[in-house]
Amino acid sequence: MSSVARGSGPRVIIIGAGFGGLGAARALRQQGVTDITVLERADGVGGVWRDNTYPDAACDVPSPLYSWSWAVNPAWGRRYSKQPEILAYLRESAEREGLTDLVVTGASVSSCVLQKDGATWTVTTSEGTTYEADLVVSAVGQLSNPVIPRLPGADSFAGPAFHSAQWRHDIDLAGKKVAVIGTGASAIQFVPGIVDRVAEMTVFQRSAPYVVPKPDQEYRPRHHRAFDRWPRLLTIERATTFKLTELLNAALGGQVRWSKALLAAMGTAWKLHLRRQVKDASLRKKLVPDYDIGCKRILFSNDWYPALDRDHVAVVTHGVTAVEPTGVRDDTGALHEADVIIWGTGFAATAFLADIEVTGADGADLHEAWSGGARAHLGLAVPGFPNFFAIYGPNTNLGGSSIIGMMEAQAAYVAQVARRLADSDARRVEVREEVYHAYDTEMQTRLADTAWTGCESWYVDGPRITTNWPGRVSEYQERTANVDWSELSVS
C-alpha cells in the first residue's frame, strides 16, 4: 500500500496529469487541501498535448482563451498555438505552481474500489501499486483513447500503420504512397502537414466535414511589447474571445432566436471557403457534407482544401472494407495501393473511464450503471459512488469555446467538496439519486433541441448525446460556482 502524506485535508488521488488533472490539483491547493497524488499513465505530464505530436498539431481555440485563467501567457507565438508551444506552456505553468511535484508517472490506474466503510477508495495501478484515498478525481479526458476500426486483414498490411495520436516519427514518408483513413479534426491538420512530402496520398472520407476559415495570425514583437506595457490587454483579449465563442455555444445549443441565422452564416462562410480554395468541381462535390452544419464538429483550417486539391491526392468517398498487404480495399472492390496507412479515426469519446474498473457501494459497477450511456450530475458525480468525481465527465464537452473554462469550474466545485470533508466530521459526499435523474432528464431534453441531433457523430452513444453540454460555458460556471449542498448527501 502506497500513501503519500503531504499535508492537511482528505487524501486525494487524481487520475491524469493533463489540463484537467493538474488544474484540479491547483484548485485543491487553493482550498488548503494538500495531500494530493496525481497518477499519470505516461512518462510525463501533458495529456492530449503530450500524445498528439503529428505534423502541424494545433488547437482550434485561440490560445488567449485555451489557457488557465491563473496562468495568463503574454508570450504566445500565434493566436492558434501549435502542440509544442501548448505543451511547453502546460509544463512550465504547472512547474511554477509546484504541481508536477505531485505527479507519479508510469502509473496506469486499473481499478478504483470503494471500501466497506463506504468512504475510502483503494486505487490500484496495472503495476500492482495501491493507494488509499478519501477522494478520487478522474481526469482522464474524453479524447485520450485512440480508436482504430477492426477491419479484415488489418494485421496483414506489409507497411507501417499507425494512429495520428501515436505518430511514428521514425517513418520517413518521403516518396511514399500514403493512405489516410478519416477526415476529422486531426486529419485536417496532419494531411496538409505531410502532403508535400509524399509521392501519392489517398484520403478516405466517410463523411465530409464543414471546414471554415481559421482567423490565425502570428503575434509579432509589437504585440508582445503592447502586452508587456498594458497587461490589461491580455484580459481584454481573453474576455473578447470568450464572448465570441459563447455565441457559437449558444447557437449550437439552440438557445437563442438567431441560432439558425448564425449557423447559416457559418454555412455561407464554409461554402465560399470551399469554392475559393478548390478549383476542381468534381472534388468540390465530394467535399460537401450530407448533414446540417453544427451537427458534427465544425473545423477550422486554411490549408485543408488546398491540400486535397493536388494532382497527387485522391479523395475516396467509398467505405473501407478491408486492409490487404499492399493497400486498402473499398466497398466497390477497388484496391488502393499504399506503403503507409495513417488512421485519423478519432477517439473513444463516449467510453468514459473505459480502461478503469470502478466499483462503488454494494459492489456497483460504474460501467454497468452507464450501460445505456454515461451520465453524471453536473458531469461530475454519480449516486452509489461517493467521494468520486469526474473532470471533463459526461455532458461537459463543448461545440465551441475552451474546455479549460469548463474544467476549471469542475475543479473548483470538487475542491469545495474536499474542503467540506476537511472541515467537518463528514466522510462521505454523494449526489442524491433524484437530483441525478432530474439533471439527466434536463440534459437530454435540452440536447434534443440542439444542432447535434441530426446525424451520427462521436457525440452520440446510442440514442443519447453523452459528451456535450447544451448551454453556454458561463451558465455551467454559475451552476458550479457554489456547491448546492441540498443536492448532495453528506454523512
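Fair warning: this is a prediction, and the values are worked out from it, not measured in the lab. Here, residue 1 is the first one in the sequence, and each next residue gets the next number.
Side-chain contact between Leu308 and Leu287 is present, with at least one heavy-atom pair separated by less than 4.5 Å. You'll find the side chain of Leu87 stays beyond 4.5 Å of the side chain of Glu85, heavy atoms only. Under the 4.5 Å side-chain criterion, counting only non-hydrogen atoms from C-beta, Thr245 is not in contact with Ser402. Contact check for Leu65 versus Ser401: side-chain heavy atoms found under the 4.5 Å cut-off. Taking 4.5 Å as the limit, some side-chain heavy atom of Arg79 sits within range of a side-chain heavy atom of Pro62.
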Query raised in the report: How far apart are the C-alpha atoms of Lys243 and Glu237, what are their side-chain angles, what is the distance that settles it, and do they pass the salt bridge (charged side-chain N to carboxylate O under 4.0 Å, His left out) test?
Result: CA-CA 10 Å; Lys243 289 179 180 178; Glu237 183 180 35; over 6 Å; no
Report task. Step by step, work out the side chain to side chain contact (heavy atoms under 4.5 Å, CB included) result for Ile298 and Val212. Result -> CA-CA 8 Å; Ile298 299 172; Val212 298; 4.1 Å; yes
Requested in this report: Check the pair Leu335 / Thr326 against side chain to side chain contact (heavy atoms under 4.5 Å, CB included), numbers first and verdict last.
Outcome: CA-CA 8 Å; Leu335 177 67; Thr326 58; 3.6 Å; yes
Query raised in the report: What's the verdict on ring-ring contact (aromatic ring centres under 6.0 Å, His included) for Phe19 and Trp68, showing C-alpha distance, side-chain angles and the deciding distance?
Result: CA-CA 8 Å; Phe19 270 112; Trp68 280 308; 4.8 Å; yes
Query - Pair Arg206-Thr317, side chain to side chain donor-acceptor pair (under 3.5 Å): steps then yes or no - result: CA-CA 6 Å; Arg206 184 177 63 177; Thr317 57; over 6 Å; no
**Report entry** Asp365 vs Val358, side chain to side chain contact (heavy atoms under 4.5 Å, CB included): CA-CA, chis, key distance, verdict
**Finding:** CA-CA 6 Å; Asp365 184 320; Val358 182; over 6 Å; no
Query raised in the report: Would Val203 and Thr183 satisfy side chain to side chain contact (heavy atoms under 4.5 Å, CB included), going step by step from the backbone distance to the final call?
Result: CA-CA 8 Å; Val203 178; Thr183 54; 3.6 Å; yes
Query - side chain to side chain donor-acceptor pair (under 3.5 Å) between Glu357 and Ser110, intermediate numbers included - result: CA-CA 6 Å; Glu357 177 186 342; Ser110 58; over 6 Å; no
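Of all the heavy atoms in Ile148 and Thr345, the pair that sits closest is CA-OG1, 4.0 Å. Here the shortest heavy-atom pairing between Trp76 and Tyr66 reads CZ2-O, 4.2 Å. Across Val45 and Val103, no two heavy atoms sit closer than the pair CG1-CG2, 4.0 Å. Here the closest heavy-atom approach between residue Ile181 and residue Trp343 is recorded as CD1-CZ3, 3.4 Å. Residue Gln189 comes nearest to Pro192 through the heavy atom pair O-CD, 3.3 Å, listed as atom of the first residue, atom of the second, then distance. Closest of all the heavy-atom pairs between Ile14 and Ala139 is CG2-CB, 4.4 Å.
Classification of Lys214 and Asp60 as a salt-bridged pair fails, no side-chain N sitting under 4.0 Å from a carboxylate O. Remark: Glu337 does not engage Lys176 in a salt bridge, criterion side-chain N to carboxylate O under 4.0 Å. Comment: Asp170 engages Arg168 in a salt bridge, judged by a side-chain N to carboxylate O separation of less than 4.0 angstrom.
The 12-atom threshold is not exceeded at CG of Asp155, counting heavy atoms of other residues, nucleotides or ligands nearer than 6.0 Å.
For the residue pair Gln217/His223, the side-chain donor-acceptor check at 3.5 Å is satisfied.
Remark: the backbone N or O of Val473 is paired with a side-chain donor or acceptor of Glu246 at under 3.5 angstrom. Remark: the backbone N or O of Tyr436 is not paired with any side-chain donor or acceptor of Asp440 at under 3.5 angstrom. His273 places no side-chain N or O within 3.5 Å of a backbone atom of Thr268 that could act as its donor or acceptor partner. With hydrogens and angles ignored, the 3.5 Å screen pairs no side-chain donor or acceptor of Arg197 with any backbone N or O of Ala174. The backbone N or O of Thr466 sits nowhere less than 3.5 Å from a side-chain atom of Asp461 that would complete a donor-acceptor pair. The backbone N or O of Ser156 lies less than 3.5 Å from no partner atom in the side chain of Glu324, so there is not a single donor-acceptor pair. Glu40 places a side-chain N or O within 3.5 Å of a backbone atom of Ala17 that can act as its donor or acceptor partner. Judged by distance alone, with hydrogens and angles left aside, the side-chain atoms of Ser81 form no donor-acceptor pair with the main-chain N or O of Ile86 at under 3.5 Å. Of the possible donor and acceptor atoms, one in the side chain of Asn395 sits under 3.5 Å from a partner among the backbone N and O of Asn468. At distances below 3.5 Å, not a single donor-acceptor pair connects side-chain atoms of Asp309 with backbone N or O atoms of Val278.
Within the model, atoms CH2 of Trp167 and CZ of Phe162 stand 4.5 Å from one another, a figure rounded to the nearest 0.5 Å. Between the CG atom in Asn249 and the CD atom in Glu475 there is a gap of 10.5 Å [rounded to 0.5 Å]. Here the OH-OG1 distance, from Tyr476 to Thr396, works out to 6.0 Å after rounding to the nearest 0.5 Å. Rounded to the nearest 0.5 angstrom, Ser63 OG and Lys82 NZ are separated by 12.0 Å. Distance check, rounded to the nearest 0.5 Å: CG of Leu366 to SG of Cys112 gives 9.5 Å.
Relative ring orientation between His336 and Phe204 is described as perpendicular, the plane-to-plane angle rising above 60° on a 0-90° scale split at 30° and 60°.
Stacking of Arg91 on the aromatic ring of Trp49 is not recorded, the 6.0 Å distance cut-off and the 45° axial limit not both being met.
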Atom pairs and distances, donor-acceptor, side-chain atoms in residues 403-412, under 3.5 Å, two or more places apart:
unit_1: Glu408; atom_1: OE1; unit_2: Ser69; atom_2: OG; d: 2.7
unit_1: Glu408; atom_1: OE2; unit_2: Ser69; atom_2: N; d: 2.8
unit_1: Glu408; atom_1: OE2; unit_2: Ser69; atom_2: OG; d: 3.4
unit_1: Gln410; atom_1: OE1; unit_2: Tyr392; atom_2: N; d: 2.6
unit_1: Gln410; atom_1: NE2; unit_2: Met406; atom_2: O; d: 3.4

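Listed by chain and residue number, Cys455 satisfy the disulfide bond (SG atoms under 2.5 Å apart) test with Cys295 (two or more places apart in sequence, or in another chain).
None of Trp304, Phe300, Tyr291, Tyr305 except one satisfies the ring pair (Phe, Tyr, Trp, His ring centres under 6.0 Å) rule with Tyr210; the exception is Tyr291.
The stretch residues 255-284 participates, sequence neighbours left out, in no salt bridge (Lys or Arg N to Asp or Glu O under 4.0 Å) pair at all.
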